[in-house]
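Notes for the one structure printed next.
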Amino acid sequence: MDMNINDDKLARITDLLEQIQETESIILSHKKLNGIQTQIDQYETICENLVNELSELMNEFHFKIQYQKEAA
């Protein structure tokens, strides 16, 4: 496998992990402040999409991602 392709994928994986962390933080903040449920749902959907993309990338490295939403 081409090293530049791996570097690009690894950079995207890092970016996705950071975005997931930020999105989870936003979700938690909204939940603590009794935020509007539709906004929370939107951020949860964004997070799920990010996790799905991460999972696809990690499959190429023979890793399986398991994501658990935080309990409400």
Side-chain angles (χ1 to χ4, degrees):
M1 195 178 286
D2 188 340
M3 194 59 129
N4 289 331
I5 293 173
N6 274 343
D7 289 346
D8 290 343
K9 287 180 183 179
L10 292 173
R12 182 62 183 148
I13 288 168
T14 300
D15 181 52
L16 286 167
L17 289 170
E18 290 172 355
Q19 287 184 55
I20 291 167
Q21 183 179 23
E22 290 172 16
T23 305
E24 286 285 342
S25 178
I26 292 168
I27 292 168
L28 184 58
S29 294
H30 278 283
K31 286 182 177 181
K32 283 183 179 179
L33 298 172
N34 293 322
I36 300 168
Q37 188 60 44
T38 55
Q39 286 181 330
I40 294 169
D41 292 344
Q42 288 174 342
Y43 282 111
E44 286 178 340
T45 299
I46 290 168
C47 192
E48 288 172 10
N49 290 337
L50 292 168
V51 169
N52 288 337
E53 184 180 348
L54 176 64
S55 181
E56 289 176 22
L57 284 172
M58 294 302 289
N59 279 337
E60 296 178 32
F61 293 96
H62 306 288
F63 283 93
K64 182 179 177 182
I65 300 296
Q66 184 176 0
Y67 175 70
Q68 290 182 302
K69 283 188 194 179
E70 186 175 311

Rounded to the nearest 0.5 Å, what separates atom OG in S55 from atom CG in L16?
11.0 Å
Please assess N52 against E56 for the test side-chain hydrogen bond (donor to acceptor under 3.5 Å, both in side chains), listing each intermediate value before the final yes or no.
CA-CA 6 Å; N52 288 337; E56 289 176 22; over 6 Å; no
Atom pair CG/CG of L57 and L10 - distance to nearest 0.5 Å:
9.5 Å
Q37 side, atom CD; Q42 side, atom CD - distance, nearest 0.5 Å
10.5 Å
Under the ring-ring contact (aromatic ring centres under 6.0 Å, His included) rule, what pairs show up with a residue in residues 24-55, not counting sequence neighbours?
H30-Y43
CD (Q39) with more than 12 external heavy atoms under 6.0 Å
yes
Distance, nearest 0.5 Å, that separates SG of C47 from OH of Y67
3.5 Å
Measuring from atom CD of E44 to atom CD of E24, what distance do you get when rounded to the nearest 0.5 angstrom?
8.0 Å
With no hydrogens and no angle check, is any side-chain donor or acceptor of T45 less than 3.5 Å from a backbone partner on D41?
yes
Any residue meeting side-chain hydrogen bond (donor to acceptor under 3.5 Å, both in side chains) with D15, in chain and number order, not counting sequence neighbours
R12, Q19
I13 CD1 to L54 CG distance, which is reported to the nearest 0.5 Å
6.5 Å
